[in-house]
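Down below is the structure, laid out as structure tokens.
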Amino acid sequence: MKLNHSPNVVARCVLSLVALCAVGTRVNAGPAEDVMQAEVSVREGDMLTAVALFRKAADQGHGVAQARLADLLHAAEFDKEAVVLYRKAAEQGEAAGEFGLGRMYADGIGVAKDPVLALEWYGKAAKKNFPEALEALARAHRAGDLGLTRGPDEANALESRARGIRQAALKDAK
């Protein structure tokens, strides 16, 4: 018995076989690799790719990705979703998430303004030497915000600590 195959059927079979082989040998990037590639996309100005990669890693529970995606969402004024992601990252102990959540509480964006919670989350990130949290606490001490009394000495110490951390990071990056 002779089978009569049209060229389209043969082509589809060959393409299906190639696709199956490709899927079998494809290396899937993990969340950490997705975050690294997303950061490259941000630097290149490709925000669509960056958001997609951050979202993929965030959906897998990657704290850094959750915080970075929240940063982008906050910048685009999707603040309710940003708060959810900051909270997920913060609950994993991710300093960027703790800082982001603190900032949202300090500013009353996406959540009710709550200086006590802002200080709590800033403090957690500051204990991990997160420069932005140290700087936020320094500003609060300098201005007497978030229920703190004015303390220029404390503000100077926090700013100095943040500056030292940033300088060390720059030195390590070279």
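One-based numbering along the sequence shown. A quick note: this is a predicted structure, and the numbers were derived from the prediction, not measured.
Between His62 and Pro31 the shortest heavy-atom distance is CD2-CB, 3.6 Å. Closest heavy-atom contact between Ala118 and Tyr105: N-CB, 3.8 Å. Taking all atoms of both residues into account, the shortest heavy-atom contact from Gly97 to Ala67 is N-CB, 3.7 Å. Looking at every heavy atom in both residues, Ala138 comes nearest to Ala155 through O-CB, 3.3 Å. Between Ala133 and Ala126, the shortest heavy-atom contact is CB-N, 3.7 Å. Residues Ala65 and Ala58 share a closest heavy-atom pair of CB-N, 3.6 Å.
Taking CG of Leu69 as the start and NE2 of His74 as the end, the distance is 13.0 Å to the nearest 0.5 Å. For the atom pair OH of Tyr86 and CZ of Arg68, the computed distance is 9.0 Å after rounding to the nearest 0.5 Å. In this structure, CG in Leu85 is found 6.0 Å from CG in Leu73, a value given to the nearest 0.5 Å. One distance of note links CD of Glu81 with CG of Leu72; it measures 11.0 Å at 0.5 Å rounding. Considering CG of Leu53 and NZ of Lys56, their distance stands at 7.0 Å, rounded to 0.5 Å. Rounding to the nearest 0.5 Å gives a distance of 7.0 Å between NZ of Lys113 and CG of Asp107.
At a threshold of 4.5 Å between side-chain heavy atoms, the hydrophobic network of Ile, Leu, Val, Met, Phe, Trp and Tyr places Met104 and Phe78 in two separate groups. The hydrophobic cluster containing Val83 also contains Trp121, counting ILVMFWY residues as joined when their side-chain heavy atoms lie under 4.5 angstrom apart, directly or transitively. Connection of Leu146 to Leu117 is not established within any shared hydrophobic cluster, with ILVMFWY side chains joined at heavy-atom distances below 4.5 Å, either directly or through further cluster members.
A salt bridge links Glu98 to Lys128: at least one charged side-chain nitrogen sits closer than 4.0 Å to a carboxylate oxygen. A salt bridge between Lys124 and Glu94 is absent, with no side-chain N of the basic residue lying under 4.0 Å from a carboxylate O of the acidic one.
Listed for the Gln92 side chain is a donor-acceptor partner under 3.5 Å among the backbone atoms of Gly61. A donor-acceptor pair under 3.5 Å is absent between the side-chain atoms of Glu39 and the main chain of Met36, judged by distance alone. Looking at Ser160, its side chain never comes within 3.5 Å of a backbone N or O of Asn156 through a donor-acceptor pair.
By the salt bridge (Lys or Arg N to Asp or Glu O under 4.0 Å) test, Arg87 pairs with no residue at all, sequence neighbours left out. In terms of the ring pair (Phe, Tyr, Trp, His ring centres under 6.0 Å) criterion, residue partners of Tyr122 (sequence neighbours excluded) are, by chain and number, Phe99.
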Inset, instruction - Evaluate the criterion side-chain contact (heavy atoms from CB on, under 4.5 Å) for residue pair Leu148 and Leu119; output intermediate values, then yes/no. - result: CA-CA 9 Å; Leu148 297 173; Leu119 281 174; 3.8 Å; yes
Legend entry - Trace of the side-chain contact (heavy atoms from CB on, under 4.5 Å) decision for Phe54 with Asp34: CA-CA 7 Å; Phe54 281 137; Asp34 287 338; over 6 Å; no
Legend entry - Evaluation steps, side-chain contact (heavy atoms from CB on, under 4.5 Å), between Asp79 and Val111: CA-CA 9 Å; Asp79 295 317; Val111 292; over 6 Å; no
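Each of Arg166, Arg142, Arg161 was checked for a salt bridge (Lys or Arg N to Asp or Glu O under 4.0 Å) with Glu135, and the lone residue meeting it is Arg166.
Residues Glu159 and Leu134 fail the side-chain proximity criterion, which asks for heavy atoms closer than 4.5 Å.
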